[in-house]
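The first residue of the sequence shown is numbered 1, and numbering continues consecutively from there.
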Amino acid sequence: IQPTPRHVDSEGLSLIPPVTVDGHPIFLRRLDPQRDIAQVCQLFADVFGQPMPEERWRGKYMQAPGSSHYHAVAVQGVTGQLLGHMGVILLPGMRGAQPIRMAHATDLMISPQARAGIGPDSVYRHIMHAVRAHAGDAGPHAPALFMYGFPGKRPATLAIRLGIQRRLQ
């Protein structure tokens, strides 16, 4: 696991590597589908109070026709336990006559162990930044990107307040 690099967010704040509520380091990385699916499904159940069978998760992300996917996960630095996740499903789209990439951001989950505030050291801010940074890594000739999601009221208010997202209407 590599330490989370320092980044600057959309408000110009330097992002400080996150820590758990009890002070242990948290690292961000891409999801490894060979070893992380069971932990992501458990995190889903812990955060949302609903089971997420592995088959359903694989179908949602890995078997959607014409799509690709990527995920950012937050990992407790000592135990390796997944404490956060955000997935993105990429789909081809059109805007007028121009092709675009459509990125559906979904399943943002932060374990209560990693909810240590909303400052520059928050796991929420780091996961959102990692997902946006990866979306921009498609290269200079990639079609424009339209990233969207359907957050609940509290996550949407938080993302707008942090300058990570904006309301369309």
Nearest 0.5 angstrom please: Leu82 CG to Arg35 CZ, how far?
8.5 Å
Taken in chain and number order and not counting sequence neighbours, the residues that satisfy side chain to side chain contact (heavy atoms under 4.5 Å, CB included) with Pro92 are none
Evaluate the side-chain proximity of Val75 to Leu83: yes if any heavy-atom separation is below 4.5 Å, no if none is.
no
Just wondering, do His69 and Lys60 contact through their side chains at under 4.5 Å, heavy atoms?
no
May I ask you to test the Val40-Leu31 pair for a side-chain heavy-atom distance under 4.5 Å?
yes
Quick one: are Met94 and Ile100 in side-chain contact, heavy atoms under 4.5 Å?
no
State whether the side chain of Tyr61 and the backbone N or O of Tyr70 hold a donor-acceptor pair below 3.5 Å, judged by distance alone.
no
Evaluate salt bridge (charged side-chain N to carboxylate O under 4.0 Å, His left out) for Asp36 paired with Arg30, printing each intermediate quantity in order.
CA-CA 10 Å; Asp36 293 337; Arg30 299 271 305 269; over 6 Å; no
So, for Pro51 and Arg56, which heavy atoms are closest and what is the spacing to 0.1 Å?
O-NH1, 3.6 Å
Nearest heavy-atom approach of Leu108 to Phe48 is O-CZ, 3.6 Å
Are the side chains of Ser111 and Leu43 in contact, using a 4.5 Å heavy-atom criterion?
yes
What's the verdict on side-chain contact (heavy atoms from CB on, under 4.5 Å) for Leu28 and Val73, showing C-alpha distance, side-chain angles and the deciding distance?
CA-CA 6 Å; Leu28 267 71; Val73 293; over 6 Å; no
Closest non-hydrogen atom pair between Trp57 and Met62, with its separation:
CZ3-SD, 4.2 Å
Quick one: CD on Glu54 to CD on Gln42, what's the gap to the nearest 0.5 Å?
10.5 Å
Could you tell me how the ring of His85 sits relative to the ring of His71: parallel (under 30°), tilted (30 to 60°) or perpendicular (over 60°)?
tilted
When rounded to the nearest 0.5 Å, the distance separating CZ of Arg101 from CG of Leu91 is 12.0 Å
Rounded distance (nearest 0.5 Å) linking atom SG of Cys41 with atom CG of Asp46:
11.0 Å
Parallel, tilted or perpendicular: which describes the rings of Phe146 and Tyr148, with under 30° parallel and over 60° perpendicular?
parallel
Checking Gln81 side chain against Gln76 main chain: does a donor-acceptor pair fall under 3.5 Å?
no
Let me see the working for Arg132 and Ile127 under side-chain contact (heavy atoms from CB on, under 4.5 Å), right down to the final yes or no.
CA-CA 9 Å; Arg132 285 179 37 188; Ile127 282 184; over 6 Å; no
With the side chain counted from C-beta on, respond yes when Thr106 and Val88 share a heavy-atom pair under 4.5 Å apart, and no when they do not.
no
